[in-house]
Each structure stands twice: as C-alpha cells, then as structure tokens.
Amino acid sequence: MLSGEWSAAYAVVRPPGHHVGRNGRALMAPTQGFCIFNNVAVGAVYAIEQGINRVAILDIDVHHGNGTQEIFYEDPRSYT
Ligand SMILES: [Zn+2]
C-alpha cells in the first residue's frame, strides 16, 4: 500500500488492543481488558503519518473499543 503498488488494503488484526488508550487504561476504565498495545491504532497512525489519506477502523468486537475512541476522538484528522 505504502509503495503505491495497491490502491487499497485491509488488515485483519487480532487482538486489536482496542482497550488501550493514550496512557494505558482508557477513559478511566478499571482495566485494559488484557490489551497490551492498541495494534489497530498503531497501524492507523502509522499509515496516516506515511501519507495515507483515508484510514477506516472497523471494530467488530462485542463491546466498546474505549482505547481506540480515546486515541482518536479528539484527533482533528479523524471523523468519529
Ligand atoms: Zn474488547
């Protein structure tokens, strides 16, 4: 994708790490839900910083990805 060889790509990431916020536990949650790194956020931010204009995160876990929300909610580059 970054080399320009493809115009679109997707990644299936498990675990997404969606309970990890900016500093660990997100939005005052009592735990990180066994997540160590917010893998989906790391990948999305990396793609954005490499010049990818549009990145979508589709989280189909059964509950709220509070860490991903915390990371991107006030990011002016994102539309939540
Ligand atoms: Zn979860």
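All ligand and atom numbering here is 1-based and tracks the order in the structure. Please read all numbers here as calculations on a predicted model, not as lab measurements. Both backbone and side-chain heavy atoms feed into the values below; hydrogens, waters and symmetry mates do not.
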Side-chain heavy-atom pair Ile48, Arg77 within 4.5 angstrom cut-off: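 The answer is yes; the side chains approach within 4.5 Å.
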For Pro15, is there any backbone N or O sitting under 3.5 Å from a side-chain donor or acceptor partner on Asn39? yes
Please state the angle at the Zn ion (ligand 1) spanned by NE2 of His18 and NE2 of His19: what is it, rounded to 10 degrees?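 It is 90°, given to the nearest 10°.
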Hey, which N, O or S atom on His63 ends up closest to the Zn ion (ligand 1)? NE2
Minimum-distance atom from the Zn ion (ligand 1) among N, O or S atoms of Asp61: OD2
Here the gap from Gln50 atom CD to Leu2 atom CG, rounded to the nearest 0.5 Å, amounts to 5.5 Å
Report yes or no: do Asn38 and His18 form a side-chain donor-acceptor pair below 3.5 Å? no
